[in-house]
Amino acid sequence: MRLIYSGKTKDVYEDGPYLVFYFKDSLLGEDGREDTGGNEVIGERPGKGSAVLKQTEFFFSLLERNGIRTHFVERIDERWARFLRAERIPLETIYRSKAYGSFLRRYSGWVEPLQELGIVEFTLKDDSLGDPLITEEAISRLGIASEGELEKMKEVTKRVAEILEEFFSAKGLELIDFKLEFGRLNGELLVIDELSGDTMRVMKGGRLLSQEELLEVVE
């Protein structure tokens, strides 16, 4: 295998028609504290990579059972997994079920904490720029994705929200927000990368679930 990308939370290797991910034990947060919505590495926790992979396997399998195509193929062991090699679209598609985190800070005075939203936002996936918000018109004009692809991404994201909300609601939990990435493979859009406690926020009684608590939910 050939290493083609080393990121904050995983290393990605090329393996013929597949990608192989190695999930790291990196903790993400903001201002030196752990935060499931954070983007900075603030340390490591043994077992974190294994937990993220187990969650990704569970949630991608849940999506597949409900008709959403993903690039997940198989878990190799506790830290390694194999995925279909799709052409990554450099966007994060964010679904905000309720107002929290950066959305509250961005629109302070205009929105209440945990106000119902049900909206989709796009950010440009570029660490050097801080993953800025980007409009659909700019995405199309810059050739990042077509108008048809954007509509499909929004449609799939809203369907994923329905699936996750139904799953968590049945367990007495509340989905706050999540983010997806998409890739192209043979003319089809697939959900790629991961879906875990690093890419979603879930609450119980007004308190965010930790990685460990979310892992217990899916085991």
To the nearest 0.5 Å, what is the distance between [atom1] ([X]) and [atom2] ([Y])?
X: Leu214; Y: Phe58; atom1: CG; atom2: CZ; value: 9.5 Å
X: Phe59; Y: Ile163; atom1: CZ; atom2: CD1; value: 11.5 Å
X: Thr70; Y: Glu57; atom1: OG1; atom2: CD; value: 10.5 Å
X: Ile89; Y: Phe182; atom1: CD1; atom2: CZ; value: 8.0 Å
X: Asp77; Y: Ser50; atom1: CG; atom2: OG; value: 8.5 Å
X: Met153; Y: Lys158; atom1: CE; atom2: NZ; value: 13.5 Å

Write down the atom of [X], the atom of [Y], and the distance for their closest heavy-atom approach.
X: Leu195; Y: Phe60; value: CB-CE1, 3.6 Å
X: Ala145; Y: Leu91; value: CB-CD1, 4.5 Å
X: Ala99; Y: Val111; value: CB-CG2, 3.6 Å
X: Ala161; Y: Leu175; value: O-CD2, 4.2 Å
X: Leu53; Y: Ala81; value: CD1-CB, 3.5 Å
X: Asp25; Y: Pro46; value: OD2-CA, 3.6 Å

Can you list the residues that meet the side chain to side chain donor-acceptor pair (under 3.5 Å) rule with [X], with sequence neighbours excluded?
X: Glu147; result: none
X: Ser6; result: Asp11, Lys24
X: Glu194; result: Lys10, Ser196
X: Ser97; result: Glu165

Ion pair present between [X] and [Y], side-chain N to carboxylate O less than 4.0 angstrom?
X: Asp177; Y: Arg201; answer: yes
X: Arg207; Y: Glu174; answer: no
X: Lys204; Y: Glu213; answer: no
X: Arg2; Y: Asp15; answer: no
X: Lys48; Y: Asp198; answer: yes
X: Lys54; Y: Glu219; answer: yes

Quick one: ring pair (Phe, Tyr, Trp, His ring centres under 6.0 Å) partners of Phe72, sequence neighbours excluded?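 Partners of Phe72 by the ring pair (Phe, Tyr, Trp, His ring centres under 6.0 Å) criterion, ordered by chain and then number, come out as Phe83.
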
Qualifying residues under ring pair (Phe, Tyr, Trp, His ring centres under 6.0 Å), relative to Tyr107, sequence neighbours excluded: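 Result, ring pair (Phe, Tyr, Trp, His ring centres under 6.0 Å) vs Tyr107: Phe103.
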
Do His71 side-chain atoms and Asp193 backbone N/O form a donor-acceptor pair below 3.5 Å?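 The answer is yes, because a donor-acceptor pair under 3.5 Å joins these two groups.
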
Taking C-beta and beyond as the side chain, do [X] and [Y] meet within less than 4.5 Å on heavy atoms?
X: Phe178; Y: Leu164; answer: yes
X: Leu209; Y: Met203; answer: no
X: Asp126; Y: Pro90; answer: no

Check the angle between the aromatic planes of Tyr22 and Trp80 and answer parallel, tilted or perpendicular using the 30° and 60° thresholds.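 Correct class here is tilted.
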
Test salt bridge (charged side-chain N to carboxylate O under 4.0 Å, His left out) on Glu166 and Lys171; report intermediate values, then the result. CA-CA 9 Å; Glu166 180 180 356; Lys171 296 180 177 296; over 6 Å; no

Under a single-linkage rule joining Ile, Leu, Val, Met, Phe, Trp and Tyr whose side-chain heavy atoms are separated by less than 4.5 Å, which residues share a cluster with Ile94?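 Direct or chained contacts put Ile94 with none.
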
With clusters built from Ile, Leu, Val, Met, Phe, Trp and Tyr whose side-chain heavy atoms come within less than 4.5 Å, directly or transitively, what are the remaining members of the cluster of Tyr18, listed by chain and number?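 Taking Ile, Leu, Val, Met, Phe, Trp and Tyr as members, Tyr18 shares its hydrophobic cluster with Val73, Leu84, Leu185, Leu190, Ile192.
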
Connected via hydrophobic side-chain network under 4.5 Å: [X] and [Y]:
X: Leu173; Y: Leu62; result: yes
X: Val52; Y: Val20; result: no
X: Trp110; Y: Tyr100; result: no
X: Leu129; Y: Ile139; result: yes
X: Met1; Y: Leu3; result: yes

Criterion side-chain contact (heavy atoms from CB on, under 4.5 Å) on Val202 and Val217, from CA distance to verdict: CA-CA 11 Å; Val202 179; Val217 172; over 6 Å; no

Using the side chain to side chain contact (heavy atoms under 4.5 Å, CB included) criterion, which residues pair with Glu155? Sequence neighbours excluded.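 Result, side chain to side chain contact (heavy atoms under 4.5 Å, CB included) vs Glu155: Lys152.
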
Partners of Glu137 by side chain to side chain contact (heavy atoms under 4.5 Å, CB included), sequence neighbours excluded?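 Scan of Glu137 (side chain to side chain contact (heavy atoms under 4.5 Å, CB included), adjacent residues dropped) gives Thr135, Arg141.
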
Exercise answer: donor-acceptor pairs, residues 114-125 side-chain atoms, under 3.5 Å, sequence neighbours excluded:
unit_1	atom_1	unit_2	atom_2	d
Gln115	OE1	Glu112	N	3.0
Glu116	OE1	Lys98	NZ	3.3
Glu116	OE2	Lys98	NZ	2.4
Glu121	OE1	Arg96	NE	2.7
Glu121	OE2	Arg106	NH1	2.7
Lys125	NZ	Glu92	OE2	3.1
Lys125	NZ	Glu181	OE2	3.3

Working note: Met200 + Phe168, criterion side-chain contact (heavy atoms from CB on, under 4.5 Å); need CA distance, chi angles, decisive distance, verdict. CA-CA 12 Å; Met200 68 171 72; Phe168 287 122; 3.7 Å; yes

Salt bridge (Lys or Arg N to Asp or Glu O under 4.0 Å) partners of Arg159, counting only residues at least two apart: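 Salt bridge (Lys or Arg N to Asp or Glu O under 4.0 Å) check on Arg159 returns Glu162.
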
Option among Leu180, Thr157, Leu63 that satisfies the side chain to side chain contact (heavy atoms under 4.5 Å, CB included) test with Ile68: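 One option only clears the test, and that one is Leu63.
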
